[in-house]
Every structure is written in structure tokens, then in C-alpha cells.
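Working notes for the structure below.
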There are 2 protein chains.
Amino acid sequence: MTVSLSSLRGDGDAFTDGCPTRVVLDHVTSKWGVLVLAALADGTLRWSELRRAVDGISEKMLASTLKTLERDGIVERVAHPVIPPHVDYSLTDRGRDLMEAMSPLLLWVAANADDIVPSG
Amino acid sequence: MTVSLSSLRGDGDAFTDGCPTRVVLDHVTSKWGVLVLAALADGTLRWSELRRAVDGISEKMLASTLKTLERDGIVERVAHPVIPPHVDYSLTDRGRDLMEAMSPLLLWVAANADDIVPSG
DNA sequence: CCGGATCCTAGAAGATACTG
DNA sequence: CAGTATCTTCTAGGATCCGG
């Protein structure tokens, strides 16, 4: 029985509608959130690098995903006042902590995806 | 620097649009998927118990979430041919393996949610 | 009690064009 | 280069009714 997930139950937990846990869980496990975080796990990237790293993301989604993660204190945005603009994104300490917790999941998915989805 | 997530890059990885990794990641990190899986991590539950365990889920979403996870070989469905109907849901071996990989994330979210989302 | 089938809407997400 | 603004499209999700 792995780690005691039952400890999640009881008070303000993920099983209660509208609690902070649900909100953060949604941010962190959102379609693009996971991929952006995984891309930043390797280190600082700038906007255009992120766009290329996360294949298929639109500018709109990249912007809103980054904004949400920044508000949550998971991603840090550093804008350099130069022409042309140069903006760096990286994980905060909290973000790095999060990625340590999330990497087992990402590795599991990478290892099992081909068994689960037959051809495509 | 935690686990090497950069190993995820390269061939058929989560950063490539349309690959199996993306599909499985979406199933597993879906809004309700996470919560259903977490509920089942404690053991077998029947339909009505799941509905109560995952606060706020609609019957439609519970049905479709379970069906997706069942197709992926993560959740097992056992229907007992009695009146009134009795259907049990539980994790498969693969599902338990998945939950071992996911529990650090869930614990992190539970531990950090209140810091991230101020009041609600 | 356990869902399937149907209808419908809000918000997610894509495409494109434009600006400091 | 790094976004914002706008418009459209799409689908996750909710509500309801029904059937085994």
C-alpha cells in the first residue's frame, strides 16, 4: 500500500470541493502546466525557448499557464530591459520542490505510455 | 537536481505533440482522474462510494473517467450480477504502480496548497 | 443501485493580427 | 522578442431523463 494517501482525507483535503488543494492540483496537473514545469526542470528558459520546448502550445496558453504558475510562486519571471526584449523563466525553490515530487509520475508515464496507448 | 527529467526528452516524449505520453499524461492528470485514483488508492470502492468520496463529481464524469482509466488498464471494474446491482472498482497492478509514482505529488500539494492559495 | 443517452452551456483552447 | 487583443472553435462538464 505505498505511502499513506488516506492521510489526505479528513480535514481540508483534495476530496472536498472548492478547497485550496483542488485549486493547486488543477494548476499543477493542468494540460500545459505539467509540460511547462517539466521543461523548466532542466533550468532557465526564455519565452521563445519555452514555446519550442513545449511542442504545440499556443502563445495564449503559454502566457496564461506561466502567469498562473508565477502567481502560485512556482515559476519566476525575470525581464531584462533590453532591446530586443529578453525574459527568463525558471523554477523557484518551491517549484523545484514540486518537481522533485512530480518527477516519479513523469518517469512512470514515460515508461508506461507505450504499453497503455497501443499505436497512437 | 533531482531525477533526470532531461531523459524524457529526445525520442517519443511528452514534449512531442500527439505522442502516447501526452495522451496518458492527460488521462492520469485529468481533473477527476487524479481524485478518483487517489480515492481508489485506499482500496476497492463501489460506484456510490466513489461518488461520495470524490466530492462534486457528476455521474457523467465519474462514468467517463472510470471508463478511460479502465481502458488504460489502471482501474478494474467488477460487476456482481445481483439485484440491486453491485459494482466494485479497484486499482490494477499497473494502477497501484502509478499511485506509488503519484503519491509524492499528492502529498506535496496537500502540504503546500494553503501557502499557495491564500484564503480560497 | 448502476449507469447509458441526450441535450446544452461555460470556459478552455486555437488562430491570427498587432504592439512596445 | 515577448507578449496582448480579439475572434472563433471545441470539448469538458453539468443537468436531466430513462432503462437494466
Side-chain angles (χ1 to χ4, degrees), chain A residues 14-19 22-37 39-40 43-72 75-90, chain B residues 14-19 22-40 44-72 75-90:
Chain A
F15 293 94
T16 305
D17 198 8
C19 74
R22 284 275 184 98
V23 176
V24 172
L25 195 61
D26 281 351
H27 292 179
V28 155
T29 65
S30 70
K31 176 180 175 60
W32 297 116
V34 178
L35 300 172
V36 166
L37 289 172
L40 289 176
T44 300
L45 290 178
R46 48 194 300 190
W47 169 274
S48 51
E49 292 172 326
L50 267 173
R51 265 208 85 184
R52 264 175 281 120
V54 183
D55 188 38
I57 196 172
S58 68
E59 297 193 335
K60 178 186 173 180
M61 282 295 95
L62 180 54
S64 90
T65 300
L66 284 170
K67 219 174 283 182
T68 297
L69 295 175
E70 194 190 349
R71 265 197 302 269
D72 288 351
V75 162
E76 186 185 21
R77 177 184 186 276
V78 178
H80 301 96
V82 296
I83 307 261
H86 183 129
V87 182
D88 285 324
Y89 291 93
S90 58
Chain B
F15 294 95
T16 304
D17 196 8
C19 75
R22 284 273 183 99
V23 177
V24 173
L25 195 61
D26 281 351
H27 293 178
V28 156
T29 64
S30 70
K31 176 181 175 60
W32 298 114
V34 178
L35 300 172
V36 166
L37 288 172
L40 289 176
T44 301
L45 290 177
R46 49 190 301 188
W47 169 274
S48 51
E49 293 172 325
L50 266 173
R51 266 208 82 182
R52 263 174 282 120
V54 183
D55 188 38
I57 194 170
S58 67
E59 297 194 336
K60 178 186 175 182
M61 281 296 97
L62 181 54
S64 89
T65 300
L66 285 170
K67 215 175 288 181
T68 297
L69 294 175
E70 195 190 348
R71 266 197 302 269
D72 289 351
V75 163
E76 186 185 19
R77 177 184 186 274
V78 177
H80 300 95
V82 296
I83 306 268
H86 182 129
V87 183
D88 285 325
Y89 293 93
S90 59

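In what follows, chains are A, B, ... by sequence order, proteins preceding strands, each numbered from 1.
In this structure, A:Leu35 places its CG atom 16 Å from C1' of C:dA12, rounding to the nearest Å. Rounded to an integer number of Å, the gap from NZ of B:Lys67 to C1' of C:dG4 is 7 Å. D:dG3 atom C1' lies 15 Å from atom CZ of A:Arg52, rounded to whole Å.
The side chain of A:Arg77 contributes an N or O atom lying less than 4.0 Å from OP1 or OP2 of D:dG3. An OP1 or OP2 oxygen of C:dC1 is reached within less than 4.0 angstrom by no side-chain nitrogen or oxygen of B:Ser48. When the side-chain nitrogen and oxygen atoms of B:Arg46 are compared with OP1 and OP2 of C:dC2, one or more of them lie within a distance under 4.0 Å.
A:Arg51 comes within 4.0 angstrom of no nucleic acid atom, judged by non-hydrogen atoms across all strands.
Here the side chain of B:Tyr89 is nearest to one of C:dG3, C:dC1, D:dC1, namely C:dG3.
Remark on the helix from C:dC1-D:dG20 to C:dG20-D:dC1: inter-end axis angle 50°, axes from five-pair C1' superpositions, rounded to 10°.
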Item to complete: Dump the intermediate steps for side chain to side chain contact (heavy atoms under 4.5 Å, CB included) on A:Thr44 and A:Val78, then the final yes or no.
Response: CA-CA 10 Å; A:Thr44 300; A:Val78 178; over 6 Å; no

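Annotation: side chain of B:Glu59 is in contact with side chain of B:Trp47 (closest heavy-atom distance under 4.5 Å). Counting heavy atoms from C-beta outward, B:His86 and B:Asp88 have side chains that approach closer than 4.5 Å.
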Practice prompt. Could you encode protein contacts along nucleotides 13-20 of chain C as a string, one character per nucleotide from 5' to 3', using B for base contact, S for sugar-phosphate-only contact and - for no contact, with a heavy-atom cut-off of under 4.0 Å?
Written response: BB--B--B

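Summarising the geometry of B:Ile57 relative to B:Arg51, their closest heavy-atom pair is O-NH2, 3.8 Å, with the distance given to 0.1 Å.
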